[in-house]
Amino acid sequence: MAVINVSKSTTEATVVLCDSGANILAAANTITLLNLTDISITNNQGSFRYQTLDSQSESVVTTVATNSVALNVVIDETQFFGDGSNTSPLINNGIFGTSNNKTEIDFRVYFEGTTESGNKYLAGSGFITGLAPTVNPSSPLWVTSLTLEVNGDLTEGDVV
Amino acid sequence: MEHKWLRLFKNGVWTGREDRKVIFKGAEHSIDDLAKEYDLDLPDAKPMKKEQKQINKIVDDLQNDIKVKEYEDMGKSQQDGDTE
């Protein structure tokens, strides 16, 4: 097997957001996040530990998982504030509006780009939170963190 | 060389595009053409050639049997009864 290298132009890590229930492969309802600086996925299985008198060590069983995607972007104005004139609520309201309205969206995190067949992605549904736009004189571009709080499971898929 | 598009076979069934095309090294290809070019065995490939060889072998064997039976009587006399 091989490492996952995102350094080529056709294999960049990509995050696509989509109106809930819409076709995520259609541009009409999706935002492909621009200017990503980093992505971090959390798939944290809950655990319950217990002790019994007949064992010298704790036993454990897993419980429900907590899933989220954390990323940082250099803000694109249109993506962040929306274009204000689109039939797609996500594109119309932008990232900030979608977060403010607490609107659930679908998403995919492509590990190695969106074009080469067989490359992997993780998908789910959730809510945009954790926005924290920031700027300062020595870093004059607005950047923000963004967290996708996943509602339910993360699922894996293959680029077709 | 890694052929990640083979992952689109699930339990031997093709789950990719209906036209059986994939993007490989940045270009669109038919998976059947890729299989021939890179000498890959597709999970849903039909074993046509092996069956034809088996049929031909069976026919050849039958023909050989017929020839053997035709000549079987050549060394014997036609009458088994005693002469008087």
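Note that this is a predicted model, so its numbers are computed, not measured. Convention: sequence-line order gives letters A, B, ...; per-chain numbering from 1.
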Next on the checklist: Applying side chain to side chain contact (heavy atoms under 4.5 Å, CB included) to A:I95 and A:D76, what does each step give before you reach the verdict?
Outcome noted: CA-CA 10 Å; A:I95 292 167; A:D76 176 271; over 6 Å; no
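Summarising the hydrophobic clusters (Ile, Leu, Val, Met, Phe, Trp, Tyr; side-chain heavy atoms under 4.5 Å, direct or chained), the residues clustered with A:V159 are A:V16, A:I24, A:L25, A:Y110, A:Y121.
With 3.5 Å as the limit, one finds a donor-acceptor pair spanning the side chains of A:N5 and A:S7. A donor-acceptor contact under 3.5 angstrom links the side chains of A:T52 and A:D54, judged on distance only.
Residues of residues 17-34 of chain B that come closer than 4.5 Å to chain A, counting heavy atoms only, are B:R17, B:V22, B:I23, B:F24, B:K25, B:G26, ordered by residue number.
In this pair, B:W5 and B:H3 present their aromatic rings perpendicular. The plane angle is above 60°, beyond the 30 to 60° band.
In this structure, A:D83 CG and A:N93 CG are separated by 9.5 Å, a value rounded to the nearest 0.5 Å.
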